[in-house]
**Q** 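Can you read through this structure? Questions will come right after.
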Amino acid sequence: MLLVGAGLFVRTLHNLRRVDVGFATDHLVSFGIDPRLAGYDKDQVFPLYRRVLQTLASLPGTRSVAGTDDPDLANNDDDGNIVIAGYNEHEDEDMQVEMPAVTPGYFATMQTPLLAGRDFTDADDMGKPNVAIVNLACARHFFGTPQNAVGRFLGVDGSRGKRDTEIVGVVGDTHHARVRDDVKRTVHRPRFQLDNPSVLTFLVRTWQPPDTAISGVRGAMQQLDSKLALGNLQSMDAQIADNLSVERLIALLAVGFGVLAMLLSAIGLYGVLAYATAQRTREIGIRMALGAQRGSVMRLVLADVLWLAGISIAVSLPVSLLLARLLRSQLYGVGASDPLTLLIGTLLVCAVAALAALIPARRAALVDPMKALRSE
């Protein structure tokens, strides 16, 4: 049972590591800053953010830079309701979407494909017409195709929205809060068009190894303003590893308990078989005196342990399937009755049983018939 559980959790972790999150995770470094903690006033925040973007863009090896107030795979959400001009909502329809605010160049930095329309530009600033870019899931749900979404208008804050925001582009889907979460409908808005300065996470796409880029970013920000504290300065690969920390811990614990169970089973089987084989010394001696070969004696002992293993497998498999169904909410990309996991668990039990019986079987095969008969 423990082996089946360990196998399911290991396969879940493997599947999560192979998920296409919708953007390129290599050579990407991120960090956050909160200017208010460094004494900046509200009016000074946006100019600071622009200076940070320019500073990071000038670093050697930098390909592109951008910022967002709701970064992907950071275990956080920033969502709200929308209304769409010309769209008739169904009764009790979920109109909630993810609403990150991003700077120009964000999608190029994340390498998220632009499917229709245009990207944000520096012209999408405060006081200019409100614009938004939606993801593919949002475009398909409300408009059918990405092309139909471009040029439509929507409003935020539910029924109070003015429907004054034009959709100017559609981008590919990404996994947002966690790797294992389903893709959410998303409406991106220009960060510098919104009059609510907040903590901003900066993303740096670099040609350099992440460790080298992190050192360069830390030095550049120190020269820009030493009072600015850099939060969670790390590579995106490290951030994804943190995002999967719970799944990794569960898999490690499950494997640890499975290995411990195998060791205890092997020790117990060895002790039982060693004792049973010693009790059958006279029988083995008689068999060999009558012409039994050493190989047949070894097979006799191995057959006993495989019989025990077969009974245990027959009893534990149905229970394992029942318990695995209780774990379905923790699994990803693998069924509770996964045949491969059940097969591997069964083969491991048989292998451990055979190894535990190997020494007693070999000892039985080396019994001297005459000494065995005299011992009785």
**Q** Using the test ring-ring contact (aromatic ring centres under 6.0 Å, His included), find all partners of Phe46 that sit at least two apart in sequence or belong to another chain.
**A**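 ring-ring contact (aromatic ring centres under 6.0 Å, His included) check on Phe46 returns Phe192.
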
**Q** Rounded to the nearest 0.5 Å, how far apart are CG of Asp20 and OG1 of Thr25?
**A**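 Going from CG on Asp20 over to OG1 on Thr25, the span is 9.5 Å.
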
**Q** Any donor and acceptor pair, going by atom type alone, linking the side chain of Asp77 with main-chain N or O of Met99 inside 3.5 Å?
**A**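 Absent.
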
**Q** With rounding to the nearest 0.5 Å, note down the distance linking CG in Leu28 to OG in Ser235.
**A**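 Answer for the CG-OG pair, Leu28 versus Ser235, is 8.5 Å.
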
**Q** If you measure from the Lys or Arg side-chain nitrogens to the Asp or Glu carboxylate oxygens, is any gap between Arg185 and Glu98 under 4.0 Å?
**A**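 A salt bridge is absent here (no side-chain N lies under 4.0 Å from a carboxylate O).
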
**Q** With hydrophobic residues grouped by side-chain heavy-atom distances under 4.5 Å, do Leu59 and Val204 end up in a single group?
**A**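 Cluster IDs for Leu59 and Val204 match.
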
**Q** Search all heavy atoms of Leu228 against all heavy atoms of Ala38 and return the closest pair with its distance.
**A**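 In this case the closest contact between Leu228 and Ala38 is CD2-CB, 3.9 Å.
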
**Q** For the residue pair Asn135 and Gly172, what are the closest heavy atoms and their distance?
**A**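 Reported closest heavy-atom pair: CB-O, 4.0 Å.
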
**Q** Closest approach of Asp242 and Ser245, non-hydrogen atoms and distance?
**A**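 Closest approach of Asp242 to Ser245: O-OG, 2.9 Å.
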
**Q** Hey, is the main chain of Ala123 close enough, under 3.5 Å, to the side chain of Thr121 for a donor-acceptor pair?
**A**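 Judged by distance alone, yes, a pair lies under 3.5 Å.
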
**Q** Pair Arg17, Arg248 - check side chain to side chain contact (heavy atoms under 4.5 Å, CB included), show working.
**A** CA-CA 10 Å; Arg17 285 175 172 171; Arg248 185 169 60 253; 3.8 Å; yes

**Q** Do the side chain of Asp69 and the main chain of Ala101 share a donor and acceptor less than 3.5 angstrom apart?
**A**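 Side chain of Asp69 to backbone of Ala101: a pair is present.
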
**Q** By the definition salt bridge (charged side-chain N to carboxylate O under 4.0 Å, His left out), identify the one residue from Arg191, Arg118, Arg189 that meets it with Asp124.
**A**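 The passing option is Arg118.
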
**Q** Counting only N and O atoms by type, is there a donor-acceptor contact under 3.5 Å from the side chain of Ser316 to the main-chain atoms of Ser312?
**A**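 Yes.
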
**Q** Under a single-linkage rule joining Ile, Leu, Val, Met, Phe, Trp and Tyr whose side-chain heavy atoms are separated by less than 4.5 Å, which residues share a cluster with Leu347?
**A**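 Result for Leu347 is Leu343.
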
**Q** Any donor and acceptor pair, going by atom type alone, linking the side chain of Asp41 with main-chain N or O of Asp43 inside 3.5 Å?
**A**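 Side chain of Asp41 to backbone of Asp43, a donor-acceptor pair under 3.5 Å: no, none is there.
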
**Q** Step by step, would you call Lys184 with Asp173 a salt bridge (Lys or Arg N to Asp or Glu O under 4.0 Å)?
**A** CA-CA 8 Å; Lys184 295 182 64 175; Asp173 293 331; over 6 Å; no

**Q** Less than 3.5 Å apart, any donor N or O on the side chain of Tyr40 or Asp225 sitting next to an acceptor on the other?
**A**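 Short answer, yes.
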
**Q** What are the two closest heavy atoms between Val83 and Glu89, and how far apart are they?
**A**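 That closest heavy-atom pairing would be CG1-OE2, 3.8 Å.
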
**Q** Can you find a heavy atom in the side chain of Thr103 that is under 4.5 Å from one in the side chain of Thr68?
**A**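 Thr103 does not reach Thr68 side chain to side chain.
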
**Q** Over all heavy atoms of both residues, which pair between Ile313 and Cys350 is shortest? Give the atoms and the distance, please.
**A**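 That would be CD1-SG, 3.8 Å.
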
**Q** Are there over 12 heavy-atom neighbours, none belonging to Asp94, within less than 6.0 Å of that residue's CG?
**A**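 More than 12 heavy atoms, drawn from other residues, nucleotides or ligands, come within 6.0 Å of this atom.
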
**Q** Any salt bridge between Asp181 and Arg178, counting N to O under 4.0 Å?
**A**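 Looking at Asp181 and Arg178, the cut-off is met.
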
**Q** Within this structure, what is the CG-CG distance for the pair Asn243 and Asn75, rounded to the nearest 0.5 Å?
**A**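 It comes to 4.5 Å.
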
**Q** Membership question, hydrophobic clusters at under 4.5 Å side-chain separation (ILVMFWY): are Val156 and Phe153 in the same one?
**A**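 No.
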
**Q** For His175 and Leu73, run side chain to side chain contact (heavy atoms under 4.5 Å, CB included): C-alpha distance rounded to whole Å, both residues' side-chain angles, the deciding distance at 0.1 Å, then the answer.
**A** CA-CA 7 Å; His175 290 253; Leu73 304 182; 4.3 Å; yes

**Q** Do other residues, nucleotides or ligands put more than 12 heavy atoms under 6.0 Å from Arg180 CZ?
**A**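 Check passes, neighbour count above 12.
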
**Q** Linking I/L/V/M/F/W/Y whenever their side-chain heavy atoms sit closer than 4.5 Å, directly or via other members, would Met236 and Tyr106 fall into one cluster?
**A**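 Result: yes, single cluster for both.
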
**Q** Arg205 side chain to Ala24 main-chain N or O, any donor-acceptor pair under 3.5 Å?
**A**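 Yes, Arg205 side chain to Ala24 backbone: donor-acceptor pair under 3.5 Å.
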
**Q** Within a strict 4.5 Å, meaning less than it, do heavy atoms of the Arg163 and Arg152 side chains meet?
**A**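 Side-chain contact under 4.5 Å: no.
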
**Q** Counting C-beta onward and ignoring hydrogens, is there a side-chain heavy-atom pair between Val352 and Val349 closer than 4.5 Å?
**A**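 No, their side chains stay 4.5 Å or more apart.
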
**Q** Would you say Thr174's side chain and Val21's backbone share a donor-acceptor pair under 3.5 angstrom?
**A**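 Between the backbone of Val21 and the side chain of Thr174 there is no qualifying donor-acceptor contact (under 3.5 Å).
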
**Q** How many angstroms lie between atom CD1 of Ile344 and atom CG of Asp338, to the nearest 0.5 angstrom?
**A**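 Nearest 0.5 Å value for the CD1-CG distance: 8.0 Å.
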
**Q** Assess the side chains of His141 and Glu93: does a donor N or O sit below 3.5 Å from an acceptor N or O?
**A**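 The criterion, which ignores hydrogens and geometry beyond distance, is satisfied for Glu93 and His141.
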
**Q** Checking the side chain of Arg328 only, and the main-chain atoms of Arg325 only, is there a donor and an acceptor separated by less than 3.5 Å?
**A**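 Answer holds: yes.
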
**Q** How long is the straight-line distance from CG of Leu56 back to CG of Leu203, given to the nearest 0.5 Å?
**A**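 Reported value, rounded in 0.5 Å steps: 10.0 Å.
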
**Q** Are the aromatic rings of Phe107 and His188 close, with centres under 6.0 Å apart?
**A**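 Yes.
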
**Q** Using side chain to side chain donor-acceptor pair (under 3.5 Å), reason through Gln239 and Ser30 one step at a time and then give a plain yes or no.
**A** CA-CA 9 Å; Gln239 184 169 314; Ser30 67; 3.2 Å; yes

**Q** When rounded to the nearest 0.5 angstrom, what distance separates CG in Leu154 from CG in Asp164?
**A**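 Taking CG in Leu154 and CG in Asp164, the distance rounds to 8.5 Å.
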
**Q** What's the shortest heavy-atom distance between Ser320 and Met1, and which atoms?
**A**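 Minimum heavy-atom separation between Ser320 and Met1: OG-CG, 3.1 Å.
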
**Q** Check the hydrophobic clustering (I, L, V, M, F, W, Y; side-chain heavy atoms under 4.5 Å; chains of links allowed) and say if Met262 and Leu323 are grouped together.
**A**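 Met262 and Leu323: separate clusters.
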
**Q** According to a 4.5 Å side-chain heavy-atom criterion applied to Ile, Leu, Val, Met, Phe, Trp and Tyr, with indirect links allowed, do Leu327 and Leu3 form part of one hydrophobic cluster?
**A**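 Yes, Leu327 connects to Leu3 through the hydrophobic network.
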
**Q** Going by distance alone, is a donor N or O of one side chain under 3.5 Å from an acceptor N or O of the other, for Thr12 and Gln330?
**A**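 On atom types as modelled, these side chains do not qualify, holding no pair under 3.5 Å.
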
**Q** Please determine, by modelled atom types, if Asp70 and His176 share a side-chain donor-acceptor pair under 3.5 angstrom.
**A**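 Distance-only check passes for Asp70 and His176.
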
**Q** Determine whether Ile82 and Gln96 satisfy the following criterion, side chain to side chain contact (heavy atoms under 4.5 Å, CB included), listing intermediate values before the conclusion.
**A** CA-CA 6 Å; Ile82 61 171; Gln96 192 172 59; over 6 Å; no

**Q** Can you tell me if Thr55 uses its side chain to pair, donor with acceptor, with the backbone of Arg51 under 3.5 Å?
**A**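 Yes.
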
**Q** Under 3.5 Å, is there a donor-acceptor pair between the Thr145 and Asn148 side chains?
**A**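 Asn148 and Thr145 do have a side-chain donor-acceptor pair below 3.5 Å.
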
**Q** With sequence neighbours excluded, tell me which residues meet ring-ring contact (aromatic ring centres under 6.0 Å, His included) with Phe143.
**A**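 Listed in chain order: nothing, the list is empty.
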
**Q** Which pairs, with at least one residue in residues 200-239 and sequence neighbours excluded, count as a ring-ring contact (aromatic ring centres under 6.0 Å, His included)?
**A**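 Passing the test, one end in residues 200-239: Phe31-Phe202, Tyr49-Phe202.
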
**Q** The criterion is side-chain contact (heavy atoms from CB on, under 4.5 Å); which residues satisfy it with His14, sequence neighbours excluded?
**A**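 side-chain contact (heavy atoms from CB on, under 4.5 Å) list for His14, sorted by chain: Arg18.
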
**Q** Phe257: what forms a ring-ring contact (aromatic ring centres under 6.0 Å, His included) with it, not counting sequence neighbours?
**A**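 Phe257 satisfies ring-ring contact (aromatic ring centres under 6.0 Å, His included) with no residue once adjacent residues are dropped.
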
**Q** Start with the C-alpha distance between Asp119 and Ile133, add both sets of side-chain angles, then the distance that settles side chain to side chain contact (heavy atoms under 4.5 Å, CB included), and finish with yes or no.
**A** CA-CA 8 Å; Asp119 200 347; Ile133 294 176; 3.9 Å; yes

